[in-house]
Amino acid sequence: MQGLVRAIRSYQETFRAAILQQHGNGGAAFEVEKFLSRFGGVTSSSRSSPVQLKGLENVTVAEVLMTKGGEKVGSWLWCHTDDAVIHAVKKMAANNIGSLVVLKPVVQHLAGLVTERDYTMKIIGQGRSPTLTRVGEIMTDKDKLITVTSDTNILKAMQLMTENRIRHVPVMDGKIVGMISIVDVVRAVVEQQSGELKRLNEFIRGDYY
């Protein structure tokens, strides 16, 4: 995931080059840079700064959750510390997800997070029984858990996931309200950049007001 930032920046440079090639002249180059500066894009003067993607600074985790469709939160999203690992793995498979929030029995307080990677590394990799091992034995404890809130900026979420080398982040507003993955983040970036490409084309053609 460390290459995600570089890939996004490369994406911007690629479509800028394509537009300039299509409209190839100095005036077009000036208009492109003016457009990107106007909307907060990465220009030649801002390459050394943190990732700056047009529009993404205004996109929140809540908006990304809305694009996922279906129920955002429910019992399909969590398990309990005393559940057998095999139970958690079957729930992930049944719901086509790669992680589960782990709650404490009875009180339902957050205990941690268990992922398919935990299963691979700590059960299969160590030759342990998924039937006899409890989720609480292999999960990431809540004290080490990275979480975001629904109003967290998507770029901040991406930064947290990249810096901590994680693929799933629970969304907590006092209680669990959803889960976002690196796939959700990448999808949001691609959709935003596709929209920027369209607007940039319109701007160059004189269709943008």
Side-chain angles (χ1 to χ4, degrees), residues 1-8 60-191:
M1 287 190 293
Q2 295 251 338
L4 181 59
V5 171
R6 291 192 296 273
I8 293 168
T60 65
V61 167
E63 292 173 277
V64 174
L65 283 177
M66 289 177 62
T67 67
K68 297 180 70 170
E71 188 181 10
K72 306 301 184 298
V73 65
S75 60
W76 57 271
L77 193 58
W78 61 71
C79 61
H80 294 100
T81 54
D82 58 357
D83 287 342
V85 171
I86 190 64
H87 171 77
V89 172
K90 287 182 177 180
K91 178 174 282 192
M92 282 189 259
N95 293 285
N96 193 31
I97 54 178
S99 65
L100 292 173
V101 172
V102 183
L103 303 177
K104 296 179 181 179
V106 185
V107 292
Q108 302 289 301
H109 290 165
L110 179 66
L113 183 77
V114 64
T115 70
E116 55 190 0
R117 181 176 175 82
D118 290 324
Y119 174 72
T120 301
M121 299 292 290
K122 301 174 184 178
I123 298 296
I124 296 178
Q126 297 177 14
R128 299 167 70 178
S129 168
T131 303
L132 300 178
T133 306
R134 301 301 167 185
V135 171
E137 298 176 53
I138 69 167
M139 70 180 186
T140 297
D141 189 84
K142 69 173 183 178
D143 294 333
K144 299 178 181 179
L145 190 60
I146 304 296
T147 64
V148 295
T149 61
S150 59
D151 61 355
T152 299
N153 175 264
I154 193 61
L155 292 180
K156 177 62 176 179
M158 179 173 67
Q159 179 184 5
L160 288 171
M161 298 173 85
T162 302
E163 291 180 349
N164 292 280
R165 304 177 72 87
I166 54 179
R167 294 181 296 164
H168 308 89
V169 177
V171 183
M172 305 290 297
D173 290 342
K175 61 181 181 179
I176 180 72
V177 297
M179 181 89 71
I180 61 168
S181 70
I182 192 65
V183 173
D184 300 323
V185 172
V186 171
R187 183 181 295 115
V189 169
V190 170
E191 290 177 353

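Note that these values count all heavy atoms, side chains included, but never hydrogens, waters or copies made by symmetry.
Scanning for side chain to side chain donor-acceptor pair (under 3.5 Å) contacts around D173 gives S150, with sequence neighbours left out. Every residue two or more places apart in sequence or in another chain was checked for a side chain to side chain donor-acceptor pair (under 3.5 Å) with H87, and none qualifies. For D151, the side chain to side chain donor-acceptor pair (under 3.5 Å) criterion is met by T149, not counting sequence neighbours. Applying the side-chain contact (heavy atoms from CB on, under 4.5 Å) criterion to T131, with sequence neighbours excluded, gives I86, S129. Considering only residues two or more places apart in sequence or on other chains, T81 meets the side-chain contact (heavy atoms from CB on, under 4.5 Å) condition with V102, P105, A111, M139. Legend: residues meeting side chain to side chain donor-acceptor pair (under 3.5 Å) with R187, ordered by chain and number and at least two apart, are D184.
Rounding to the nearest 0.5 Å gives a distance of 4.0 Å between OG1 of T133 and CD1 of I123. For the atom pair M172 CE and L145 CG, the distance stands at 8.0 Å (nearest 0.5 Å).
The only member of D83, V101, L100 that meets side-chain contact (heavy atoms from CB on, under 4.5 Å) when paired with W78 is V101.
Sorted by first and then second residue, the side-chain hydrogen bond (donor to acceptor under 3.5 Å, both in side chains) pairs involving residues 91-100 (not counting sequence neighbours) form an empty list. Residue pairs meeting the salt bridge (Lys or Arg N to Asp or Glu O under 4.0 Å) criterion with at least one member in residues 130-147, sequence neighbours excluded: R128-E137. The salt bridge (Lys or Arg N to Asp or Glu O under 4.0 Å) analysis of residues 98-124, with sequence neighbours excluded, yields the pairs E116-R167, D118-K122.
What you find for Y119 and V89 is that their closest heavy atoms are CD1-CG2, 3.4 Å.
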Applying side chain to side chain contact (heavy atoms under 4.5 Å, CB included) to I180 and V171, what does each step give before you reach the verdict? CA-CA 7 Å; I180 61 168; V171 183; 4.1 Å; yes
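In the model, E63 has a side-chain atom that pairs as donor or acceptor with a side-chain atom of T60 under 3.5 Å.
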